[in-house]
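I have placed the structure first, in the form of structure tokens, so that the comments after it can refer back to it.
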Amino acid sequence: QVQPMESGGGLVQPGGSLRLSCAASEFTLGEYTIGWFRQAPGKEREGVSCIDNLDGETWYADSVKGRFTISRDNAKNTVSVQMNTLRPEDTALYYCAATQDPGACVADVNMDAAEYDYWGQGTQVTVSS
């Protein structure tokens, strides 16, 4: 069963950092394009960042460019997003999603949740003083 698992969420003060990780026990993440999405209360789900399964192409939402960095660790079978300089507006439930379609993550093209087939349960990130 393809079931991504998120970890690393928590409560952090504005300006702080968190590192979210997406892991899998039943499949190899390196074979999948991985996307991170988030959803805040009362708002629609939005794409945050992704990395494809061909050449490591990445995409970032404008709101997180320069602050978030996505990366793979194939030895650990994880995909992480380092989140720095966090803001209250980053508060949301963050989801990891997977697809075998490399076209689901293309530079300069917004992420589409409908292109991702497998979803984790989410990890909460709260940025507050």
4.5 Å side-chain heavy-atom contact, [X] and [Y]:
X: V79; Y: R72; result: yes
X: M83; Y: L20; result: yes
X: Q121; Y: C96; result: no
X: W119; Y: P4; result: no
X: I51; Y: E57; result: no
X: V2; Y: D117; result: no
X: M111; Y: E46; result: no
X: S49; Y: F68; result: no

Same cluster for [X] and [Y] if Ile/Leu/Val/Met/Phe/Trp/Tyr side chains link at under 4.5 Å?
X: W59; Y: V81; result: no
X: L29; Y: I70; result: yes
X: Y95; Y: L86; result: no

Hey, is the main chain of [Y] close enough, under 3.5 Å, to the side chain of [X] for a donor-acceptor pair?
X: E6; Y: G122; result: yes
X: N74; Y: N77; result: no
X: T28; Y: G30; result: no
X: T91; Y: V127; result: yes
X: R38; Y: L93; result: no
X: T123; Y: G9; result: yes
X: T33; Y: N53; result: yes

Taking all atoms of both residues into account, what is the closest heavy-atom pair of [X] and [Y], and its distance?
X: S21; Y: S80; answer: OG-OG, 3.0 Å
X: I34; Y: A98; answer: CD1-CB, 3.6 Å
X: Q124; Y: T126; answer: NE2-OG1, 3.4 Å
X: Q100; Y: E31; answer: CG-O, 4.1 Å
X: G103; Y: E115; answer: O-OE1, 4.1 Å
X: R19; Y: S71; answer: NH2-OG, 3.6 Å

Report the C-alpha distance between T78 and D73 in whole Å, list the side-chain angles of each, state the deciding distance to 0.1 Å, and finish with yes or no for side-chain hydrogen bond (donor to acceptor under 3.5 Å, both in side chains).
-> CA-CA 5 Å; T78 59; D73 186 334; 4.9 Å; no
Candidates F37, Y60, W36, Y116 - the one meeting side-chain contact (heavy atoms from CB on, under 4.5 Å) with C50 | Y116
Distance (rounded to the nearest 0.5 Å) between D90 CG and L18 CG | 10.0 Å
CG (D112) and OG1 (T99) are apart, to the nearest 0.5 Å, by 10.5 Å
So, are K65 and D62 salt-bridged, with charged N and O less than 4.0 Å apart?
-> yes
